[in-house]
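Have a look at the structure below before the remarks.
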Amino acid sequence: MKQFTNVHDTGNLRAALDEAFEIKRDRFKYVDLGRNKTLMMVFFNSSLRTRLSTQKAAMNLGMNVIVLDIGQGAWKLETERGVIMDGNKPEHILEAIPVMGCYCDVIGIRAFARLEDRDLDYQETIINPFIELSGRPVFSMEAATRHPLQSFADLITIEEYKRTARPKVVMTWAPHPNALPQAVPNSFAEWMNETDYEFVITHPEGYELDATFVGKARVEYDQMKAFEGADFIYAKNWSAYSGDNYGKILSKDRNWTVSDRQMAVTNQAYFMHCLPVRRNMIVTDEVIESPQSIVIPEAANREISATVVLKRMLMG
Ligand code: AN0
Ligand code: CP
């Protein structure tokens, strides 16, 4: 595998899931594959899970790991071509990327949407140059529009916990004090659309996602109605996508916070969230601490999804 930025790079999902469960049974099975190979992880944004689980995945495969935090000890990087570089960014990614490629065999990139210019964000102006110029296989550790390692881990988790062949999965918007990217919900929707699950998205008006990601999902503006009979609740905040509202916060309505009130109408649904989660904004203490909450096993599966992706990249 040469790149991993979206569900389509994964190929057949059943085969990917089989590989994931094989790794889960023996996560060191391919420990010789990464001998003398180096993973470089480049972070333009903060992380807890992605940083740790991806490093652990590399160690499962016997790789060496280099981590670079842009803006903390590394030069700030200019990303736009043609600018006169008389500002606070001493280096251009057009030099930095091929240099980084010289020191490693596989590259992971975290580069969130900046939420200023929708076209620039959706053109993936950071990860795409890495794919073009690094000369190495590149995978997303959450780019501007998607977070595929998260979505793959989410799919593994649903497969482990589902009680029927075609569970009802509901992705709900929930309030947050800051403007967050659409990458996690876009990506989750993209992966769910590749399954035969019943998939529903619920959010207040104005929070419609890009139609490409919504795909065949049913959009339901009444959150209680959406939750009826659900087997999985996948909560996430995102900022507005549409038009002039791109990147804006349109609502902080805490009626959308996932609580026992909404969970009561579900089919004893499991609660999921990619984390980090703001308690009593996204979800109440009671729900996230309930036996139905599977946020920790979900996070644990990040090691598994990353091990599968790195293994595939090492295999060429
Ligand atoms: C990020 C986001 O919403 O994209 C990362 C989630 C994995 N979340 C925050 O910045 C809180
Ligand atoms: N879920 C996730 O990607 O978490 P981090 O931002 O901590 O990596």
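Each residue takes its place number in the sequence, starting with 1. All ligand and atom numbering here is 1-based and tracks the order in the structure.
Taking only non-hydrogen atoms, the option from Q182, E142, H176 nearest to atom 2 (C) of ligand 1 is E142.
Heavy-atom distances between P181 and ligand 1 reach below 4.0 Å in at least one pair.
Rounding to the nearest 0.5 Å gives a distance of 11.0 Å between OG1 of T307 and NZ of K24.
Of the protein's non-hydrogen atoms, L180 CD2, 3.6 Å is the one closest to atom 10 (O) of ligand 1. In terms of protein heavy atoms, atom 3 (O) of ligand 1 is closest to K236 NZ, 2.7 Å.
Contact between W173 and H203 at its shortest, heavy atoms only, is CB-CB, 3.5 Å. Taking every heavy atom of both residues into account, L275 and A299 meet most closely at CD1-CB, 4.5 Å.
At a heavy-atom cutoff of 4.0 Å, ligand 2 is surrounded by S47, L48, R49, T50, R110, H147, Q150, C274, L275, R302.
Using a 4.0 Å cut-off between heavy atoms, F112 contacts ligand 1 through its side chain alone, with no backbone atom that close. Of all the heavy atoms of L275, the ones lying under 4.0 Å from any atom of ligand 1 belong exclusively to the backbone.
Residue pairs meeting the ring-ring contact (aromatic ring centres under 6.0 Å, His included) criterion with at least one partner in residues 106-129, sequence neighbours excluded, are Y122-Y241.
Using modelled atom types, one finds a donor on one side chain and an acceptor on the other under 3.5 Å when comparing D154 with Q150. There is a side-chain donor-acceptor pair under 3.5 Å between T50 and R302. Y161 and Q292 form no side-chain donor-acceptor contact under 3.5 Å, judged by distance and modelled atom types alone.
I233 and F199 sit in two unconnected hydrophobic clusters of ILVMFWY residues. Membership requires side-chain heavy atoms under 4.5 Å apart, directly or through other members.
For the pair R312 and F4, the NZ or CZ position fails the cation-pi test of under 6.0 Å to the six-membered ring centre and within 45 degrees of the ring normal.
Distances between N or O atoms of N237 and those of ligand 1 include no value under 3.5 Å.
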